[in-house]
Number of protein chains: 2
Amino acid sequence: MDVKPAGKERRVRADAQRNLDALLQAAKAVFVTSGVDAPVREVAEKAGVGIGTLYRHFPQRADLIAAVFRREIDACADAAAVLAAEHPPFEALALWMQRYAVFVATKKGLAPALHSGDTAFCTLRAHFEERVRPAIKMLLDAAVAAGAVRPDVDPDDLIIAVSSLGSSGYTDKPGRVARIVALLADGLRAHP
Amino acid sequence: MDVKPAGKERRVRADAQRNLDALLQAAKAVFVTSGVDAPVREVAEKAGVGIGTLYRHFPQRADLIAAVFRREIDACADAAAVLAAEHPPFEALALWMQRYAVFVATKKGLAPALHSGDTAFCTLRAHFEERVRPAIKMLLDAAVAAGAVRPDVDPDDLIIAVSSLGSSGYTDKPGRVARIVALLADGLRAHP
DNA sequence: TGCTAAACGGAACATTGTTCCGTATAAAAC
DNA sequence: GTTTTATACGGAACAATGTTCCGTTTAGCA
C-alpha cells in the first residue's frame with residue numbers, strides 16, 4: 001500500500017473530456033428549451049451518456065447548472081464596463097439593468113433556483129455575487145458621483161430587484177419586464 | 001337505471017365536512033412552516049386522513065393551495081379600499097404595495113408557483129387577478145387623477161412587479177423588500 | 001334495521017434526483 | 001505489444017413525492 005507520488009498526475013482521460021463536453025453542450029440546449037428544471041436524464045440521454053457518467057462529472061444537479069451558466073454570468077458582468085465607457089453614468093446603469101434582466105429572464109428557472117436557499121446552489125450563487133456585485137456597484141457609484149442617482153441605494157437591493165423581476169416568468173406581454181425595470185430605474189434618480 | 005331527481009340533493013356527509021375542515025387547517029399550518037412546496041402527505045397526516053381523502057377534496061395540489069389562500073387574497077384586496085379612505089392617493093398606493101409585498105413574501109413559494117405557468121394554478125391565478133387587479137387599479141387611477149403619479153403605468157405591471165419582488169425569497173436582511181418596493185413607488189411619481 | 005351512494009384509506013404507479021457497484025477502457029509501465 | 005491499474009462508464013436500484021385506483025367503510029335515508 002504505497003502512497004501515490006504527489007507529482008506527475010495522470011492525464012485526464014480523453015473519453016472523460018469528450019463526455020464532459022457533450023454533457024455541457026446537451027445541458028445548454030436542454031435548459032434553453034425546457035428550463036433548468038429539466039430532468040437530468042434528459043440531459044444525459046441527449047449527450048449520449050449514462051446517468052452515472054453525468055453524476056460523476058456533476059455530483060449535483062446544481063453543479064451542472066452552475067457549469068453551464070458560469071460563462072454567461074461572466075459575460076453579463078463584463079458588459080458593465082463596456083456600457084460605462086460608452087454611455088453617461090445614469091444611462092449606463094439603466095442599460096445594464098435591462099441587460100441583466102434579459103439575461104435572467106432567458107434562463108428560465110435560474111433565479112428562483114438561485115434564491116431558493118438550497119445549499120446546493122451556494123457555489124453558483126457565490127460566483128454570481130462575486131462577479132455581478134462589483135459590476136453593479138461600479139455603475140451605481142459612478143451614477144451617484146455624477147449626481148444622477150440618489151446616494152442611499154444599496155447595490156444588493158438592485159441586484160435582487162432586477163433578478164426578481166427578470167425571473168418572474170411573466171412573458172405574457174412583450175416589454176413588460178423592460179417597462180418595470182425602467183420604472184425602477186426612474187425611482188433611483190436623484191431628486192433635486 | 002333511473003335518473004336521480006334533481007331536487008332534494010343528499011346533504012353533505014358530516015365526516016366529509018369534518019375532513020375538509022381538518023385538511024384546510026392542517027394545510028394552512030404546514031404551509032406556514034414548510035412553504036407551499038410541502039409534501040401533500042404531510043398535510044394529510046397532520047389532518048389525520050388518508051391521501052385518498054385529500055385527493056378527493058382537492059384533485060390537485062394546486063387546488064389545496066388555492067383553497068387555503070383564497071381568503072387571504074380577498075383580505076389583501078379589501079385592504080385597498082380602507083387605505084384609499086384613510087390616506088392621500090399616493091400614500092395609499094405606496095402603502096398598499098407594501099402590504100401586498102408582505103402578503104406575497106409570507107407565502108413562501110406561492111408566487112413562483114403562481115407564475116410557473118403550470119396550468120394547475122389557473123384557478124388561483126384567475127381569482128388572484130380578479131380580486132387584486134381591481135384593487136390596484138382603483139388606487140392607481142386615484143393617484144393619477146390627483147396628479148401624483150404618471151399616467152402611463154399599466155396596473156398589471158405593478159401587480160407583477162410587486163409580486164415578483166415579494167416572492168423573491170430574499171429575507172436575508174430585514175427591510176430589503178420594503179426598500180425596493182419604496183424605490184419602485186418613487187419611480188411612479190409624476191415628474192413636474 | 002337494511003340499503004346505497006358517498007367517502008375513506010392506503011397500496012400502487014409514475015416521475016425525478018441520487019447512489020452504488022460491476023464492467024469496460026485509456027493511459028502508463030514494462 | 002502486452003500487462004497493469006486507476007479511472008470512467010452505464011444503468012439498475014433507492015428515495016421522495018405527486019397522483020390514481022379500487023376494495024372497504026359508513027353516514028344518511030327509508
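Numbers restart at 1 for each chain; the letters A, B, ... are given by sequence-line order, proteins then strands. The shown structure was predicted, so the numbers you read here are calculated from the model rather than taken from an experiment.
Residue A:R61 places no side-chain atom within donor-acceptor reach of the base of C:dT18, judged by atom type and a 3.5 Å distance cut-off alone. At a cut-off of 3.5 angstrom, counting only N and O atoms as typed in the model, there is a donor on one side and an acceptor on the other between the side-chain of B:R13 and the base of D:dT26.
With the nearest nucleotide of DNA chain D identified for both B:R18 and B:P39, B:P39 has the one nearer the 5' end.
OP1 or OP2 of C:dT18 has at least one side-chain nitrogen or oxygen of A:Q60 nearer than 4.0 Å. Checking the phosphate oxygens (OP1, OP2) of C:dA7, no side-chain nitrogen or oxygen of B:N19 falls inside 4.0 Å. The shortest distance between the side-chain N/O atoms of A:H57 and the OP1/OP2 oxygens of D:dC9 is below 4.0 Å. An OP1 or OP2 oxygen of D:dA8 is reached within less than 4.0 angstrom by no side-chain nitrogen or oxygen of A:T53.
In this structure, CG of B:D37 is placed 15 Å from P of C:dG17, rounded to the nearest angstrom. Regarding B:L54, its CG atom lies at a distance of 10 Å from the P atom of D:dT19, rounded to whole Å.
Of the candidate nucleotides C:dA7, D:dA8, D:dA13, D:dA13 has the atom lying nearest to any side-chain atom of A:R41. Nearest to the side-chain atoms of A:Y55 among the listed nucleotides D:dG10, C:dT19, D:dA27 stands C:dT19.
At least one donor-acceptor pair under 3.5 Å links the side chain of A:T106 to the backbone N or O of A:F103. Side-chain N or O atoms of B:R150 include one that pairs as donor or acceptor with a backbone N or O of B:G187 at under 3.5 Å. With B:W96 contributing its side chain and B:C76 its backbone, the two residues share a donor-acceptor pair below 3.5 Å.
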